[in-house]
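Chain identifiers are assigned alphabetically (A, B, ...) following the order of the sequence lines, protein sequences preceding nucleic acid strands; residue numbering begins at 1 within each chain.
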Amino acid sequence: MEKLQVNGNIVEYEISSKENEFTITLNAEKNTYSVFAYGDEYLLFNAEENKFQVLDVYRDKNKVFLWAGDEELLVEEEQEDISAENVELSENIIKSPMPGIIKEIKFEEGDMVKKGNTIIVLESMKVLNELKSSIDGVIKKIHVSVNAQVGPLELLVEIDGGE
Amino acid sequence: MEKLQVNGNIVEYEISSKENEFTITLNAEKNTYSVFAYGDEYLLFNAEENKFQVLDVYRDKNKVFLWAGDEELLVEEEQEDISAENVELSENIIKSPMPGIIKEIKFEEGDMVKKGNTIIVLESMKVLNELKSSIDGVIKKIHVSVNAQVGPLELLVEIDGGE
Amino acid sequence: MRKIKKVLVANRGEIAIRIMKTLKLLGIGAVGVYSEADKLSKHISYADEAYHIGEPEALKSYLNMERIIDVAKKANCDAIHPGYGFLAENHIFAKMVEDNGLIWVGPPHDCMRNLGDKINSRIIAQKANIPTTPGGTIEDLDKAHELADKLGYPILIKASAGGGGKGMRIVHDSKDLEESIKIARKEAQAAFSDPTVYIEKYIEDAHHIEIQFLLDKFGNGLYFPERECSVQRRYQKIIEESPSPTIDRHTAQEIGQAAILIAKTAGYYSAGTVEFIYDKKEKKYYFLEVNARIQVEHPVTEEISGVDLVALQIDIAEEKPLEISQNELNLRINGHAIESRIYAEDPDNNFMPSIGKIEHYREPTGNGIRVDSGFFKGSEVLIHYDPLIAKLIVKAPNRTMAIRKMYAALSDYHIAPVKTIIPLLKNIFQHEKFVNGDYNTRFIETYAADLFNTKKDSKYVSEAIVMFNYLKHKKHQAEVDEYSQSLQPYWDTIGYWRG
Amino acid sequence: MRKIKKVLVANRGEIAIRIMKTLKLLGIGAVGVYSEADKLSKHISYADEAYHIGEPEALKSYLNMERIIDVAKKANCDAIHPGYGFLAENHIFAKMVEDNGLIWVGPPHDCMRNLGDKINSRIIAQKANIPTTPGGTIEDLDKAHELADKLGYPILIKASAGGGGKGMRIVHDSKDLEESIKIARKEAQAAFSDPTVYIEKYIEDAHHIEIQFLLDKFGNGLYFPERECSVQRRYQKIIEESPSPTIDRHTAQEIGQAAILIAKTAGYYSAGTVEFIYDKKEKKYYFLEVNARIQVEHPVTEEISGVDLVALQIDIAEEKPLEISQNELNLRINGHAIESRIYAEDPDNNFMPSIGKIEHYREPTGNGIRVDSGFFKGSEVLIHYDPLIAKLIVKAPNRTMAIRKMYAALSDYHIAPVKTIIPLLKNIFQHEKFVNGDYNTRFIETYAADLFNTKKDSKYVSEAIVMFNYLKHKKHQAEVDEYSQSLQPYWDTIGYWRG
């Protein structure tokens with residue numbers, strides 16, 4: 001059995017191939033497809049069922065974006081889920097949700113803040129975004145200054161939750 | 001001096017390059033272009049004159065088709081002109097001007113024919129084309145039969161001009 | 001009224017795609033068919049299902065009536081749309097479709113039979129008191145000579161079952177008459193399985209003007225503004241525009257009404273076109289023939305009127321009445337539309353078809369630019385079928401803007417290494433006579449010296465040479481890069497590929 | 001009358017391209033400008049000449065008035081077209097353009113000044129006896145509280161100089177009023193260099209209905225069928241359609257006439273749009289603001305009317321009179337058009353802009369599908385500018401067909417790895433409420449559960465896995481092929497490449 005992530009779901013399958021012909025077993029169902037170049041896309045033909053499907057693809061390292069019919073799919077090699085360990089951290093820090101320019105910093109290091117207080121005002125594409133604290137605590141460290149340009153997911157502010 | 005054929009005309013030029021910057025001297029005029037990828041095309045920027053030109057290209061072996069502005073250009077490595085020796089031959093033979101199917105052969109080997117006589121009727125894409133003799137002479141050899149499918153520039157009939 | 005749920009499109013290429021697109025918009029299932037040679041052609045991807053129907057040769061696939069009807073029944077279709085060409089004007093097939101309990105998206109088969117015969121269709125027009133070109137049938141060679149002499153050379157020989165210039169010959173001298181009749185009969189036989197030909201007067205300052213019309217089953221009719229299709233090569237249209245720069249609005253209305261009259265006299269319903277020859281010198285129009293099908297150039301009419309002719313064909317086949325009046329239609333017409341046919345032919349070599357694979361293919365895009373194409377990168381232009389790669393249609397507020405848009409769009413249409421008539425088309429749209437609307441059916445031959453083999457000096461020689469050298473460099477570089485990359489195949493680290 | 005020969009287009013992206021295309025059709029020269037970040041952006045290739053005007057930051061390039069006017073003079077332009085955004089509604093720039101002897105392709109600058117101030121424009125509408133939403137200016141915090149309490153929460157705070165949702169805040173509770181006014185003032189200052197904001201009643205079943213109009217310098221006016229732009233995120237439109245499914249033809253006419261009346265009262269000429277809020281429950285419309293420019297969504301109107309609004313802006317700037325009457329225009333309207341804005345934003349992550357390079361880019365094509373795009377493969381979505389990649393416009397004979405065409409076109413629009421709102425748009429066009437024309441400005445929030453993060457089971461899992469494996473194989477194979485090819489470099493036999 002091999003594994004891939006399709007649209008975030010892990011899928012187990014078996015596959016074998018001969019030239020451009022691929023036989024895949026998925027959920028106990030076996031299908032054989034021939035793969036052809038078709039303009040800038042691909043055509044998969046399932047001779048047994050007389051069914052064909054056109055797919056446009058883009059490969060980005062070990063991810064493949066596919067467009068088939070009215071769907072867009074994302075196929076990836078299975079990856080460790082690393083988001084879990086970040087969840088806790090995210091409580092104590094404010095990261096930039098998007099690239100932008102720091103327009104205002106409402107507190108200083110050492111200030112007490114409450115959950116929901118706006119800490120930073122970030123301008124991105126002419127819209128002001130209020131970045132709020134998700135906990136009660138004390139501002140431990142401010143990593144940016146007003147008018148600084150920041151990239152996506154940059155660490156802006158650390159807040160000490162007091163635990 | 002280097003040579004290339006542009007739209008069939010031989011052009012002599014000098015060229016040098018550094019990274020994506022090309023300096024070309026043509027007809028005693030010197031220009032420097034920077035080449036950039038531009039979508040699926042290319043953009044050539046002439047900084048000195050603040051001029052740019054978008055080019056679409058297709059390379060077929062040692063030929064390059066280019067599209068620039070409202071022009072289509074063909075650039076080739078210089079080639080020997082081999083058409084001269086064929087001129088004489090073409091008088092004595094009939095070749096298929098395009099792929100098609102032989103619908104009718106109006107003479108047999110040994111028959112006398114006159115200049116302008118239709119020798120072969122070739123059907124291509126549902127249109128009947130009359131292939132005529134360009135000399136007076138005798139049919140020496142017929143290489144095809146009725147209903148045969150022929151490719152482009154295949155030898156169909158040889159005519160002996162009597163010289 | 002009846003509801004069509006699934007249609008078999010008995011065609012290939014751009015027209016099959018164009019029909020299937022409308023079927024989807026109407027929520028109707030589309031079934032495609034393909035010959036062996038068309039296994040990977042563009043049209044099948046627009047079908048919900050597609051079926052193999054035989055060998056590449058049209059006779060064994062797209063003209064295989066039994067096979068097509070079998071597929072339609074097997075796939076549970078309730079109707080067949082024939083497109084143009086192939087079986088579109090075959091009344092035997094139309095009848096066979098209906099005898100098999102399927103709906104024929106087209107005119108009644110007996111009406112098709114009557115109109116399909118050009119000699120007979122002239123009689124129908126005469127019955128409707130619409131003028132026809134002087135001419136007549138060929139009883140024997142002597143009578144043919146007599147008629148031709150009376151009309152005066154040059155004369156035209158035309159296939160009675162014909163269309164699209166097939167089986168048509170122009171004869172300049174009585175000594176060529178016999179041979180020309182013979183050839184025309186053979187061509188007619190080959191193309192239409194009917195060798196009958198007839199003779200027509202050849203009009204010198206002739207304009208090909210045609211009227212798109214619609215008739216529903218309740219006698220409601222609509223005629224659209226005329227299309228002028230005078231730019232032709234080998235008697236086949238390559239450019240169509242609407243409205244025509246040749247005739248005035250009063251004449252357009254007169255011809256439009258004549259078209260409806262003829263169609264009604266013939267007992268027609270569905271979409272159709274009446275073709276006329278307009279003699280500009282004499283300011284007279286003559287009935288030529290009725291095309292009892294959707295035509296190649298129908299998009300020109302769609303663009304200036306906003307209607308979807310295929311959708312209306314379906315409506316009529318579903319026995320719905322037409323919903324707009326002639327007056328409403330007249331008032332909504334706006335702008336100017338032109339179509340160029342992109343044929344895979346070498347214009348500088350007597351329009352020799354250019355067979356082979358399209359390796360480079362880039363379509364123009366933009367507001368008011370429509371490309372109805374049956375090809376993409378990697379498609380083969382096949383010997384078995386018409387060499388029409390695509391139709392390029394532009395729409396703009398007026399004729400001047402439409403011509404400029406067309407010229408720009410043609411410049412942006414990049415096809416290689418297959419040759420196309422794009423260079424000729426570009427020359428036409430830059431030709432003063434065309435731009436001034438001053439052209440007739442002999443335009444291409446008259447101005448051949450301006451239109452063919454006109455290699456101008458290029459403005460981009462330096463750029464072209466730089467590009468050639470750049471590509472050489474890049475190729476070399478790519479090889480070096482690929483080589484070093486192959487030493488550390490990131491993608492294949494797991495290396496579990498099984499052959 | 002005066003003749004414009006060369007126009008500087010003071011903009012970037014799709015609107016710069018769209019304007020330049022029309023200039024070419026009119027035989028007018030097009031001069032482009034670009035910031036450092038836009039050196040290789042798509043719009044410059046549509047210009048006959050293009051000039052670098054400064055750093056990526058808009059303030060130092062596209063908003064650099066002196067620089068732009070310098071370029072226009074240097075390039076011998078006789079007019080400037082501002083597009084939308086940037087300097088389009090800057091009356092100071094408009095005046096500067098005219099003071100420099102150039103033609104401003106837009107309304108008179110004093111009229112722009114009056115209308116640009118939303119508070120003032122409400123007064124103009126009231127003078128023309130057109131209803132405005134209840135609300136008023138903010139003198140001090142107490143008065144603001146008083147007014148808000150009178151209107152009843154929620155209320156809207158809007159920038160007087162504003163547009164496009166910038167500087168706009170909805171306030172649900174009096175305790176948030178002060179902070180919201182502060183934020184809105186800052187946003188307004190940042191976006192429009194003017195912190196003035198005002199308060200408006202918030203209408204629950206609100207529809208954003210707007211009227212495109214044209215006025216020439218001779219007092220001739222034309223209004224077009226209304227556009228409904230109620231589908232919004234962050235108070236910015238993402239879908240526009242015309243005609244609206246909400247109002248009837250009588251109301252449309254009434255609102256159209258109101259628009260002309262307001263524009264005339266303001267002393268307007270050129271193209272413009274009057275925005276209204278339509279309260280469906282109360283069947284009442286209120287004047288909102290005038291957009292004194294060409295708008296993002298103008299193609300929707302072009303598609304159903306056949307006019308070229310940019311060409312008509314040029315005509316009016318050339319002091320030509322409008323050539324068609326209101327009645328002629330009304331009668332030529334046909335079909336239904338919809339526009340989707342393709343923003344580079346992640347709809348499943350609070351519309352976070354998705355910055356970066358577009359590596360895969362494939363536009364939909366076809367009859368009645370128009371893509372006004374400023375991007376291609378390799379383009380960067382830049383932090384400095386609006387994340388609008390393109391506008392996708394469809395036209396079809398009716399709304400049902402238009403929605404189906406839009407859904408198919410969105411499915412054929414392939415962009416990666418930059419995220420776009422295409423998945424959201426597809427969900428909207430499949431949503432029963434939208435399909436039934438039953439939506440208002442709160443549509444997206446109301447049906448958020450249906451529209452976001454809706455991962456359906458895929459029908460193509462097998463095909464996707466096969467393709468993944470095929471590509472792996474192909475990559476491997478390509479490396480092997482390239483390697484063997486590099487051993488016999490056909491192309492480089494002469495080997496004369498100099499580095």
So which heavy atom on B:S145 is nearest to which on B:I102, and how close?
O-CB, 3.6 Å

Examine whether an atom of B:E71 lies under 4.5 Å from a heavy atom of chain C, and if so say whether it belongs to the side chain, the backbone or both; otherwise answer neither.
both

Taking atom types as modelled and ignoring hydrogens, do the side chains of B:H143 and B:E158 form a donor-acceptor contact shorter than 3.5 angstrom?
yes

Please confirm whether the ring centroid of C:Y62 lies under 6.0 Å from the ring centroid of C:Y385.
yes

Among C:A408, C:S458, C:P423, which residue has the highest count of heavy-atom pairs closer than 4.5 Å to chain B?
C:S458

Tell me, for C:K459 versus chain B, whether the close heavy atoms (under 4.5 Å) come from the side chain, the backbone, both or neither.
both

Using every non-hydrogen atom in the two residues, find where C:N469 and B:E2 come nearest and quote the distance to one decimal.
OD1-OE1, 4.4 Å

Against chain C, work out which of B:V11, B:L44, B:V35 has the most heavy-atom pairs shorter than 4.5 Å and name it.
B:V35

For B:E41, which atoms come within 4.5 Å of any heavy atom of chain C: side chain, backbone, both, or neither?
side chain

Any chance you could measure C:S193, atom OG, to C:N90, atom CG, to the nearest 0.5 Å?
8.5 Å

Please confirm whether C:Y361 and C:F375 have ring centers closer than 6.0 angstrom.
no

Given a strict heavy-atom distance threshold of 4.5 Å, which part of C:L388 is in contact with chain B: side chain, backbone, both, or neither?
neither

What part of B:V6 lies closer than 4.5 angstrom to a heavy atom of chain C: side chain, backbone, both or neither?
side chain

Segment of C:I183 engaging chain B (4.5 angstrom heavy-atom cut-off):
both

Heavy-atom closest contact (B:I142 atom, B:E109 atom, distance)
N-OE2, 2.9 Å

Applying a strict 4.5 Å limit to non-hydrogen atoms, the region of B:E130 in contact with chain C is side chain

